[in-house]
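The structure under discussion appears below in the form of structure tokens.
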Amino acid sequence: MKKIVFLLLIASAFSCKNTQSVTYKDNSDPTKYIKVIKEKDLKEMLYVVASDEMEGRETGSKGQKKAGLYMIEQYKENGISFPKGATDYYQHIPASFLNARRNENLPDSENIWAYIEGSEKPNEVLVISAHYDHVGIQNGEVFNGADDDGSGTVALLEMAKAFAKAKKDGHGPKRSILFLHVTGEEHGLHGSRYYSENPLFPLANTVADINIDMIGRRDVEHAKTNNYVYVIGANRLSTDLHNAVVSQNDKYIKMDLDFKFNDPKDPNRFYERSDHYNFAKHGIPAVFFFNGVHEDYHGKDDIAEKIEYDALTKRTQLAFVVAWELANRENRPVVDKK
């Protein structure tokens, strides 16, 4: 009997040790995975997403759908699936929804989503969003939208690749991450509004949204440097989220954070003008990374050749380390403001 009890104790101890080694992962330092985000890869993808072949990615157009297929190919190549509970990479949005507020005769369109399941808190979801539509062809000219928002589109693809690499190495995010490419932003934030009203995962379980919209250029306010990014909205609902952005930047990226447009009195009202807003209005902490408006904003010369790829890379890396922190920290960001 003593021998049996002794063997059971050994087996139990081994089992506990084994369980701990499987569930606990030290994800305190993202440095190795920051390096997965590469300038040459962002550039290669953006030259495709913002090419004439995509015809300006107008909402629901053939060109936008072609861009969507390219994005899905990138996710498949990196072993990243569509979300749990979905049947494919598309969240289909009917034309009736897109045209309900003001009829612009938009056809059916779709959000595109990809997903990495969390290892310890899989039911808590971090959303990383960017719109992939632009304004199409006008007067025979293709408006490529390289910065707006091809830059955010490829940033999501590259961040997803870095998280997939971390997961392959046994350091996958502890919370789940939904990479959400939304349609219809240029017509009134329709895609993100559709998701917020028809979420795949409960909004109550959505810990934050990181939104990336135009991070490949510089504005006139920063004519002498591109080592900056505008941070909008981080502190509107959550001091935790603001602190995470600042601390992760100080620790890993060391970019100048410009909070000018975060002022609630700012006349540009950028806080209400991109897709994070449809999360924030539901009480979900949200941050918007932005390079500001430049001379080619919504113009035909917003092309891949004008992107500053060093800045695009560094800003993508900033969004990544903030996402890493939010996905791996012990507690979700506290909503302490209204």
Side-chain angles (χ1 to χ4, degrees), residues 45 48-49 53-117 123 125-137 145 148-150 152-157 159-160 176-206 209-213 274-279 281-282 284 286:
M45 290 188 293
V48 176
V49 169
E53 185 181 349
M54 304 307 175
E55 300 178 347
R57 307 188 308 279
E58 172 64 284
T59 299
S61 67
K62 182 177 72 172
Q64 189 197 37
K65 293 178 189 300
K66 189 177 291 187
L69 288 172
Y70 173 77
M71 291 148 53
I72 290 168
E73 286 174 12
Q74 304 312 301
Y75 283 119
K76 288 180 176 179
E77 284 182 14
N78 289 303
I80 303 166
S81 184
F82 49 81
K84 190 176 182 178
T87 56
D88 56 27
Y89 288 94
Y90 296 107
Q91 183 183 34
H92 296 278
I93 305 177
S96 58
F97 181 91
L98 296 169
N99 294 299
R101 292 192 169 180
R102 58 179 187 270
N103 188 5
E104 298 181 88
N105 293 314
L106 297 171
D108 294 349
S109 190
E110 48 277 322
N111 293 332
I112 291 175
W113 49 25
Y115 177 75
I116 294 178
E117 187 168 36
N123 293 328
V125 180
L126 170 65
V127 175
I128 308 177
S129 60
H131 73 92
Y132 73 109
D133 65 311
H134 194 51
V135 299
I137 299 173
D148 185 14
D149 186 30
T153 299
V154 299
L156 261 63
L157 296 173
M159 290 168 67
S176 298
I177 302 178
L178 179 68
F179 300 92
L180 184 64
H181 300 264
V182 293
T183 187
E185 190 270 355
E186 300 288 6
H187 293 277
L189 313 184
H190 294 325
S192 55
R193 181 167 58 89
Y194 187 84
Y195 180 84
S196 72
E197 295 175 11
N198 302 272
L200 184 61
F201 303 103
L203 293 184
N205 293 355
T206 303
D209 172 52
I210 297 172
N211 185 51
I212 306 173
D213 190 353
S274 193
D275 293 295
H276 60 284
Y277 185 66
N278 280 318
F279 292 91
K281 72 182 185 183
H282 289 283
I284 297 168

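Keep in mind it's a predicted model, so treat the numbers as computed, not measured.
- When side chains are defined from C-beta on, Thr153 does not count as touching Tyr70, because their heavy atoms never get closer than 4.5 Å.
- Taking CG of Asn198 as the reference point, atom CZ of Phe97 lies at 6.5 Å (rounded to 0.5 Å).
- Distance OG1/Thr183 to CD/Gln91: 11.0 Å, rounded to 0.5 Å.
- In this structure, Ile128 CD1 and Asp209 CG are separated by 9.0 Å, a value rounded to the nearest 0.5 Å.
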Determine, step by step, whether Leu106 and His187 satisfy the side-chain contact (heavy atoms from CB on, under 4.5 Å) criterion, reporting the C-alpha distance in whole Å, the side-chain angles of both residues, the deciding distance to 0.1 Å, and the verdict. CA-CA 9 Å; Leu106 297 171; His187 293 277; 3.7 Å; yes
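- No option in His181, Arg57, Glu186 other than Glu186 meets the side chain to side chain contact (heavy atoms under 4.5 Å, CB included) test with His131.
- Applying the side chain to side chain donor-acceptor pair (under 3.5 Å) rule to Ser192 yields the partners Asp275, Asn278; only residues at least two apart in sequence or on another chain are considered.
- Separating the CE atom in Met71 from the CE atom in Met45 is a distance of 10.5 Å, to the nearest 0.5 Å.
- Across all their heavy atoms, Pro83 and Leu200 have their closest contact at CB-CD2, 3.3 Å.
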Apply side-chain contact (heavy atoms from CB on, under 4.5 Å) to the pair Met159 and Ile177, showing each step before the final yes or no. CA-CA 11 Å; Met159 290 168 67; Ile177 302 178; over 6 Å; no
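- With a 6.0 Å radius and a threshold of 12 heavy atoms from other residues, nucleotides or ligands, Lys281 has its NZ atom above the threshold.
- Counting only heavy atoms from C-beta outward, the side chains of Tyr194 and Pro94 approach each other to under 4.5 Å.
- The aromatic rings of Trp113 and Tyr195 sit perpendicular to each other, their planes meeting at more than 60°, with 30° as the lower class boundary.
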Checking side-chain contact (heavy atoms from CB on, under 4.5 Å) for the pair Met54/Val48: CA distance, chi angles, key distance, verdict? CA-CA 8 Å; Met54 304 307 175; Val48 176; 3.7 Å; yes
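- Leu98 places a side-chain heavy atom less than 4.5 Å from the side chain of Ser109.
- Atom OG of Ser96 sits about 7.5 Å away from atom CG of Asp108, to the nearest 0.5 Å.
- Partner Val154 forms a side chain to side chain contact (heavy atoms under 4.5 Å, CB included) with one of Val49, Asp149, Ile212 and no other, that one being Val49.
- Every residue two or more places apart in sequence or in another chain that forms a ring-ring contact (aromatic ring centres under 6.0 Å, His included) with His276 is listed here: Tyr271, Phe288.
- Residues Gly60 and Pro107 come closest through the heavy atom pair O-CG, 3.6 Å.
- In summary, the side chains of Ser129 and Asn211 do present a donor paired with an acceptor at a separation below 3.5 Å, with no hydrogens or angles considered.
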His282 vs Glu197, test: side chain to side chain donor-acceptor pair (under 3.5 Å). Steps then yes/no. CA-CA 10 Å; His282 289 283; Glu197 295 175 11; 5.9 Å; no
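- Using cut-offs of 30° and 60° for the angle between ring planes, the Phe179 and Tyr75 rings count as tilted.
- Between Thr206 and Val127, the shortest heavy-atom distance links the atoms CG2-CG2, 3.8 Å.
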When you look at Glu58 and Ile137, which way does the side-chain contact (heavy atoms from CB on, under 4.5 Å) test go after all the steps? CA-CA 8 Å; Glu58 172 64 284; Ile137 299 173; over 6 Å; no
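- With values rounded to the nearest 0.5 angstrom, Ile112 atom CD1 is found 10.5 Å from Tyr89 atom OH.
- Counting all heavy atoms, side chain and backbone alike, Ile80 lies closest to Ala160 at CD1-O, 3.4 Å.
- Inspection of the Ser61 and Glu55 side chains reveals no N or O donor paired with an N or O acceptor under 3.5 Å.
- Proximity of Leu203 to Asn205: side-chain heavy atoms (C-beta onward) are nowhere separated by under 4.5 Å.
- Residues His190 and Ile93 fail the side-chain proximity criterion, which asks for heavy atoms closer than 4.5 Å.
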